Structures are given as structure tokens and as C-alpha cells.
Amino acid sequence: NDVSVLIGKVANGIWTSTAYQRLNSGGLGPVGVAVQDDGGANGPNLLVTNGDGTVTQLMGIGAAGQGSGFFQDAAPAPIQTGKTITGTVYDPGAEQTFAMANDGTVSVLTNGVLRPLPVEGVTTLYAVDSTRGSFLVAGLDNGTVELLSTEGAVMGVAATGLSAPGALEVLQNGNSIDVFVTVNGNDMPVVVSFDLAPSGDDGTGSGGNGGAVFVSIMTTVTTSAET
């Protein structure tokens, strides 16, 4: 029920670490951590999400906005979500942490406040910090992949034609967000491409409306049976 801070270095291409600080997670069964920099004088804070449904913010110890690698855990004050948390993702662009629960819901933590997003059936989640802004990519239990705003608004949907996605990996290529989806029982990934319109283009050819996001979707399914 603890989390550890490790100080690492790379020498001759090999990463090694030294134990630095062991912290009270404020709950049971930590499943995710994220470093959040809110611009405070003490430097970044550490956010810990626990499997028992608690989310704890451990304040940084530092000065002049620079952290020291140490965090305060003497009296953690966890936030109770009332859910079993299965994983978390952090978006550095929006400075938000998103927590997935075993019931398929997602909550977002911003400035110490946890609130649910209007999404359901999520099995896997990925945060994208792109040149066009911050987005979420969600795999759903109905086999679809959705591109979401950080408020949970659906911006695009792609049907994989397969069962619920097991994991996502996202690559950015200019204005395109390419999502590689793995599914149980299929040894090749499904590739989903979300194309975002250039800044200032609303996809209508009318000159745009100040940077609206226009999404078109291409889905390619590749299986080991194909030649």
C-alpha cells in the first residue's frame, strides 16, 4: 500500500535506480501514479490512485517552483470515489488525471476535485496531448474506439468489428491520431485513424470557425488469416 520514488540514471545504455523515498499511498492497492505541476511554489505534486477507490494527492516539497523529488505523506487526505479503480492515465497538457473503474466509467481529477465524465463501457483509455489540444482515446466493451474531448464529449467513433479492445497504443502523425488496438484472440492489431482538420478549418471549406476539430475515420482490420 506504499509507492516508491526512484532516482534513475542511464550509463552505457543501461538504466539504473536508487530508492529515494517510500510514501503512504493513502489507500489500498495503488494502481497508478502521476506527477502534476500546478505551478505552485513547492514544485510538482504526486497523485496516487488506489484500487480501493481512493485518490490521494501528495504535495511536493521544494522551493521557487522547483521540486526536490520528495513529497509529503504524513497526513494524506484521500478522495473517495466509491468505485474499484482499475487504471489511470495522465494528460500533461490539460494537467488532469483520468481514473477508470471496473464498471466502465471514467472520472477526472482536476485541482483536487473528482467528477465523473459522461462515458460508459470503457475497457481501456489513453490520453493524447497533441498540437491540436488534449484528447482521450477510449476502447469500449462494444468493440468500438472513440475519440473524446477531455470533458468526455464524443468526437469520433470507429467500429473495430471485434470484441472489446484489450489495450491501446497511440501514435501522432501531423494532424492524424493513429490508434493500434489489441484484442484478445487476435494476434494482429486493429488500426484506427482519426484525422483532425488543420487549425482554423471546420471541415466545410468555409474558412473554419477559429480552430474547430473536424474528424474523419478510417478503420483497417488486420488478422493473421489475411494474406
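Only a predicted model underlies this, so the values are computations on that prediction, with no experimental measurement involved.
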Item to check | Any residue meeting side chain to side chain donor-acceptor pair (under 3.5 Å) with Q21, in chain and number order, not counting sequence neighbours | outcome: none
Checklist entry - Stepwise, does the side-chain contact (heavy atoms from CB on, under 4.5 Å) test hold for V108 with T150? => result CA-CA 9 Å; V108 57; T150 54; over 6 Å; no
What is the distance from atom [atom1] of [X] to atom [atom2] of [Y], rounded to the nearest 0.5 Å?
| X | Y | atom1 | atom2 | value |
| --- | --- | --- | --- | --- |
| L47 | T88 | CG | OG1 | 7.5 Å |
| I177 | M155 | CD1 | CE | 8.0 Å |
| L28 | N50 | CG | CG | 7.0 Å |
| I79 | T54 | CD1 | OG1 | 9.5 Å |
| E146 | F194 | CD | CZ | 8.0 Å |
| L148 | L136 | CG | CG | 5.5 Å |

Taking salt bridge (charged side-chain N to carboxylate O under 4.0 Å, His left out) as the definition, give me every residue that meets it alongside [X], ordered by chain and number, with sequence neighbours left out.
| X | answer |
| --- | --- |
| D178 | none |
| D103 | K83 |
| E151 | R115 |

Locate the shortest heavy-atom distance separating [X] from [Y]; write the atom from each residue and the value.
| X | Y | result |
| --- | --- | --- |
| V122 | M100 | CG1-SD, 4.0 Å |
| L6 | A19 | CD2-CA, 3.8 Å |
| A138 | L125 | CB-CD1, 3.8 Å |
| G29 | N1 | N-OD1, 3.0 Å |
| P116 | S107 | CA-OG, 3.9 Å |
| T97 | A34 | OG1-CB, 3.9 Å |

If you look only at pairs with a residue in [range], which of them pass as a salt bridge (charged side-chain N to carboxylate O under 4.0 Å, His left out), with sequence neighbours excluded?
| range | answer |
| --- | --- |
| residues 84-93 | none |
| residues 42-55 | none |
| residues 25-34 | none |
| residues 14-31 | D2-R22 |

Next on the checklist: Does either side chain, that of S176 or that of S193, offer a donor lying less than 3.5 Å from an acceptor on the other one?
Outcome noted: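 Judged by distance alone, the side chains do pair up.
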Checklist entry - Other hydrophobic cluster members with M59, side-chain heavy atoms of Ile/Leu/Val/Met/Phe/Trp/Tyr under 4.5 Å, chained? => result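 So far as hydrophobic clustering goes, M59 is joined with none.
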Going only through I, L, V, M, F, W and Y residues with side-chain contacts under 4.5 Å, is there a path from [X] to [Y]?
| X | Y | result |
| --- | --- | --- |
| F135 | V179 | yes |
| V154 | V106 | yes |
| V181 | L147 | yes |
| V128 | V145 | yes |

Using atom types as modelled, flag every donor-acceptor pair under 3.5 Å from a side chain in residues 60-74 to any protein atom, sequence neighbours excluded.
| unit_1 | atom_1 | unit_2 | atom_2 | d |
| --- | --- | --- | --- | --- |
| S68 | OG | I61 | O | 2.5 |
| S68 | OG | F70 | N | 3.3 |
| D73 | OD2 | N24 | N | 2.8 |

Side-chain donor-acceptor pairs under 3.5 Å in residues 7-15, sequence neighbours left out?
none

Checklist entry - Counting only N and O atoms by type, is there a donor-acceptor contact under 3.5 Å from the side chain of S25 to the main-chain atoms of V3? => result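 A pair under 3.5 Å: no.
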Item to check | Polar side-chain atom of T81 near backbone of G53 as donor-acceptor pair, under 3.5 Å | outcome: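 Yes; judged by distance alone, with no hydrogens or angles, the pair exists.
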Next on the checklist: Counting only heavy atoms from other residues, nucleotides and ligands, does the tally under 6.0 Å from CD of Q80 exceed 12?
Outcome noted: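 Yes, enclosed.
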Checklist entry - How would you list all residue pairs meeting ring pair (Phe, Tyr, Trp, His ring centres under 6.0 Å) that involve residues 81-101, not counting sequence neighbours? => result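 Checked against ring pair (Phe, Tyr, Trp, His ring centres under 6.0 Å) - neighbours excluded - no pair reaches residues 81-101.
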